[in-house]
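Only this structure's heavy atoms are used, side chains among them; waters, hydrogens and symmetry mates stay out.
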Amino acid sequence: MPLVSMKDMLNKAKAESYAVGQFNINNLEFTQAILQAAEEEKSPVILGVSEGAARYMGGFKTIVGMVKNLMEEYNTTVPVAIHLDHGSSFEKCVEAIHAGFTSVMIDGSHHPLEENIAITKQVVAVAHTLGVSVEAELGRIGGQEDDLIVDDAEAAYAIPSECKELVEATGVDCFAPALGSVHGTYKGEPNLGFDRMKEIDELVGIPLVLHGGTGIPLKDVQKAISFGHAKINVNTENQITSAQSVREVLEANPEMIDPRKYLGPARETIKETVKGKMREFGSSNKA
């Protein structure tokens with residue numbers, strides 16, 4: 001099956017009250033595990049790629065080639081999107097699109113609203129011409145994801161009226177309002193702003209995106225889905241579980257040097273983690 005944009009899969013998820021997971025890929029094993037999990041669960045999936053991960057793996061074109069070749073080898077039949085996560089500029093989004101990404105996020109959340117809208121409109125104009133979906137963000141999501149660091153003092157909830165203005169002015173396909181989730185691990189219990197979430201969902205009418213999906217209790221995930229979230233991003237949990245797997249294997253086998261023998265078990269751990277998330281999000285058997 002060819003790569004697809006996120007638009008149709010997220011509209012379907014919102015209409016049927018489930019969410020599609022965006023699982024970030026950091027190397028070959030992450031990519032293999034996530035694609036295998038999606039096929040086994042018969043779930044649509046979004047492969048998130050940060051700019052830092054793209055540099056590590058050899059660039060946007062390398063990633064697209066790797067994903068396409070793996071999908072061919074695995075006879076992948078489920079919908080798969082490759083999505084630029086937290087694109088830092090119009091230029092980076094265009095670079096990813098030209099490399100074959102089927103979706104991009106332009107993160108203009110650190111700019112004033114007017115500038116965020118202007119940059120997002122530029123990206124949408126290029127992306128939609130080529131059938132590529134676009135995600136935007138408003139407010140500041142705390143924590144650290146790759147090169148993006150927002151401390152607690154900078155984190156800010158999105159303002160509903162501004163969310164409506166941005167979505168209507170830009171025509172984006174999905175939207176990530178900052179509502180209390182954080183990138184990385186939570187310090188204490190997550191505190192999502194459900195009242196504001198409900199208001200934003202009613203105002204914008206397009207699929208919402210929940211960043212920082214690691215560590216959010218299932219009941220809160222389900223509530224967020226009921227308030228329009230059709231995409232949930234997960235990265236930290238896969239990193240934690242895979243790193244733990246590598247540590248356990250190497251501690252038990254201190255003379256081991258073959259990376260296949262410690263990265264293979266880590267890959268299986270990622271796969272099982274992703275399958276569990278797909279079941280929680282309700283996307284299993286929705287492909």
Side-chain angles (χ1 to χ4, degrees), residues 5-7 10 22 24 46 48-55 60 82-99 101-184 193 196-197 199-212 228-231 233:
S5 83
M6 298 192 306
K7 183 174 182 177
L10 295 187
Q22 173 192 297
N24 282 52
I46 298 157
V49 182
S50 68
E51 292 180 12
R55 288 193 296 272
F60 293 145
I82 303 183
H83 177 71
L84 176 62
D85 194 22
H86 290 285
S88 62
S89 66
F90 169 77
E91 290 77 14
K92 278 294 177 184
C93 288
V94 170
E95 183 184 336
I97 291 168
H98 285 169
F101 277 53
T102 56
S103 185
V104 295
M105 175 189 183
I106 175 63
D107 186 356
S109 61
H110 52 289
H111 295 301
L113 177 63
E114 294 77 14
E115 191 173 347
N116 189 351
I117 288 173
I119 295 169
T120 304
K121 284 176 73 173
Q122 283 185 299
V123 173
V124 169
V126 173
H128 282 184
T129 301
L130 299 169
V132 172
S133 52
V134 181
E135 174 184 339
E137 182 178 312
L138 195 61
R140 298 290 276 151
I141 295 169
Q144 179 172 354
E145 170 121 349
D146 197 53
D147 297 333
L148 181 72
I149 303 172
V150 179
D151 64 30
D152 293 342
E154 293 177 309
Y157 275 34
I159 298 168
S161 60
E162 292 186 350
C163 294
K164 184 174 188 289
E165 182 179 352
L166 183 145
V167 168
E168 290 183 350
T170 61
V172 290
D173 302 288
C174 59
F175 176 61
L179 293 168
S181 62
V182 301
H183 294 127
R196 192 172 295 201
M197 187 185 296
E199 183 180 357
I200 290 170
D201 177 39
E202 292 170 350
L203 284 172
V204 304
I206 63 171
L208 298 182
V209 180
L210 182 62
H211 285 245
H229 280 84
K231 175 175 179 271
N233 294 5

Testing Thr102, Asn24, Asn233, Leu10 for side chain to side chain contact (heavy atoms under 4.5 Å, CB included) with Ile46, which one passes?
Leu10
With side chain to side chain donor-acceptor pair (under 3.5 Å) as the test, would you mind laying out the steps for His211 and Glu135 before giving the verdict?
CA-CA 12 Å; His211 285 245; Glu135 174 184 339; 2.8 Å; yes
Non-neighbouring partners of Glu199 that pass salt bridge (charged side-chain N to carboxylate O under 4.0 Å, His left out), sequence neighbours left out:
none
Quick check: do Val104 and Ile97 have side-chain heavy atoms less than 4.5 Å from each other?
yes
If you take all heavy atoms of Ser109 and Glu137, which pair is closest and at what distance?
OG-OE2, 3.3 Å
Test of understanding: with side-chain contact (heavy atoms from CB on, under 4.5 Å), list the residues that count as partners of Thr120, not counting sequence neighbours.
Ile106, Asn116, Val124, Ala136, Thr170, Val172
In Å and rounded to the nearest 0.5 Å, what is the NE2 to CG distance from His229 to Leu210?
5.0 Å
Side chains of Met105 and Met6, heavy atoms from C-beta outward: is any pair under 4.5 Å?
no
Look up atom OG in Ser89 and atom CD in Glu95, then write down how far apart they are to the nearest 0.5 Å.
8.5 Å
Kindly write out the residues that satisfy side-chain contact (heavy atoms from CB on, under 4.5 Å) with Glu162, not counting sequence neighbours, or none if the list is empty.
Leu113, Leu138, Ile159
side-chain contact (heavy atoms from CB on, under 4.5 Å) involving Ala54 - partner list, sequence neighbours excluded
Val49, Phe60, Ile63
Can you list everything that forms a salt bridge (charged side-chain N to carboxylate O under 4.0 Å, His left out) with Glu114? Sequence neighbours excluded, please.
none
For Ala158, does its backbone N or O pair with a side-chain atom of Arg196 as donor and acceptor, under 3.5 Å?
yes
Closest approach of Gly87 and Cys93, non-hydrogen atoms and distance?
CA-SG, 4.3 Å
How long is the gap from CG on Asp201 to CZ on Phe175, to the nearest 0.5 Å?
11.5 Å
Looking at Ala230 and Pro207, what are the two nearest heavy atoms and their distance?
CB-CB, 3.8 Å
For residues Pro177 and Leu208, determine if any side-chain heavy atom of one lies less than 4.5 Å from a side-chain heavy atom of the other.
yes
Distance, nearest 0.5 Å, that separates NZ of Lys7 from OG of Ser103
11.5 Å
Between His86 and Glu51, is any side-chain donor less than 3.5 angstrom from a side-chain acceptor?
no
Output all residues satisfying side-chain contact (heavy atoms from CB on, under 4.5 Å) with His98, sequence neighbours left out; order by chain, then residue number.
Val94
Pairwise distance OG(Ser50) to CG(Asp85) - rounded to 0.5 angstrom
6.5 Å
Within this structure, what is the CD1-CG distance for the pair Ile119 and Asp107, rounded to the nearest 0.5 Å?
10.0 Å
